[in-house]
Undergrad: 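Got a structure for you, written out below as structure tokens; questions coming shortly.
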Amino acid sequence: MPPRWEPNSDIRTGRHVTCSLHAHLVFVTRYRRDVFDDDMLKRCEEIMREVCAGFETELREFNGGADPVHLLVHYPPKIALSRLINSLKGVSSRYLRAEYTGRINRIGTGSVFWSRSYFARSRGGAPLTVIHQYIEGQKQPTRPSPTQTQRTPALRA
């Protein structure tokens with residue numbers, strides 16, 4: 001007999017929650033300098049995977065160019081995305097500046113590796129218009145009109 005529910009790697013289940021939360025993150029280096037080469041990108045991915053594991057999140061995709069890096073993160077609802085981002089940028093900055101000091105100093109980003117800004121976008125399955133229509137179409141509880149409601153006098157003991 002086939003199982004009732006096929007396992008789905010996009011859905012996380014917890015004690016009181018079932019969710020599928022993904023975020024597309026983009027980080028750029030300070031002054032948008034072209035810092036990364038292939039070796040440095042591979043090391044950055046390793047570091048970010050370790051940080052994600054510490055937060056009980058999963059780094060689904062990682063890619064980058066000479067300047068920006070793109071991440072697709074699958075995370076539970078108990079994680080504040082801003083804290084995860086702060087940790088990803090902070091830890092990777094420390095390790096990369098320590099391991100690639102010569103390259104980073106030549107390019108001139110100073111003591112700060114990442115720009116303070118970042119891009120984060122939640123990934124959903126349906127467009128906002130569909131969700132809006134779905135919410136509007138929900139059945140509202142019927143309330144009696146004021147003419148149908150009769151007030152009864154308070155009982156006195």
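Computed from a predicted model, the values in this text were never measured in an experiment.
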Undergrad: Rounded to the nearest 0.5 Å, what separates atom OH in Tyr100 from atom OH in Tyr95?
TA: 13.5 Å
Undergrad: Which heavy atom of Arg83 sits nearest to which heavy atom of Phe55, and what is that distance?
TA: O-CZ, 4.0 Å
Undergrad: Checking Arg121 against His24: is there a side-chain donor and acceptor pair closer than 3.5 Å?
TA: no
Undergrad: Between Pro68 and Val26, which heavy-atom pair has the shortest distance, and what is it?
TA: CB-CG1, 4.2 Å
Undergrad: So how far is it from Phe113 CZ to Leu96 CG, rounded to the nearest 0.5 Å?
TA: 5.0 Å
Undergrad: Please report the C-alpha distance between Met40 and Val35 in whole Å, then the side-chain angles of each, then the deciding distance to 0.1 Å, and finally whether the side-chain contact (heavy atoms from CB on, under 4.5 Å) criterion is met.
TA: CA-CA 9 Å; Met40 201 170 173; Val35 175; 3.5 Å; yes
Undergrad: Is NZ or CZ of Lys89 both nearer than 6.0 Å to the six-membered ring centre of Tyr118 and within 45° of the ring axis?
TA: no
Undergrad: Are Val28 and Leu88 co-members of a hydrophobic cluster defined by side-chain heavy atoms under 4.5 Å apart?
TA: no
Undergrad: Atom CD of residue position Glu56 - does it have more than 12 heavy atoms of other residues, nucleotides or ligands inside 6.0 Å?
TA: no
Undergrad: Could you give me the CA-CA distance, side-chain angles and deciding distance for Phe119 and Leu25, then say whether side-chain contact (heavy atoms from CB on, under 4.5 Å) is met?
TA: CA-CA 6 Å; Phe119 171 81; Leu25 308 174; over 6 Å; no
Undergrad: Rounded to the nearest 0.5 Å, how far does NE2 of His74 lie from SG of Cys52?
TA: 12.0 Å
Undergrad: Roughly how far, to the nearest 0.5 Å, is the CG atom of Leu84 from the OG1 atom of Thr57?
TA: 5.0 Å
Undergrad: Please tell me if the side chains of Phe62 and Met48 come closer than 4.5 Å, counting only heavy atoms from C-beta onward.
TA: yes
Undergrad: Main chain of Trp114, side chain of Thr29: is a donor-acceptor contact present, judged purely on distance under 3.5 Å?
TA: no
Undergrad: From Ser117 OG over to Phe27 CZ, what is the distance, rounded to the nearest 0.5 angstrom?
TA: 10.5 Å
Undergrad: For the CG atom on Asn63, are there more than 12 heavy atoms of other groups (residues, nucleotides or ligands in this structure) within a distance under 6.0 Å?
TA: no
Undergrad: Shortest non-hydrogen contact from Gly64 to Leu41?
TA: O-CD1, 3.5 Å
Undergrad: How many angstroms lie between CG in Asp39 and SG in Cys44, if you round to the nearest 0.5 Å?
TA: 11.5 Å
Undergrad: Under 4.0 Å between a side-chain nitrogen and a carboxylate oxygen: does that hold for Glu45 and Arg49?
TA: yes
Undergrad: Counting neighbours of CD on Glu46 that are heavy atoms of other residues, nucleotides or ligands and sit closer than 6.0 Å, is the number greater than 12?
TA: yes
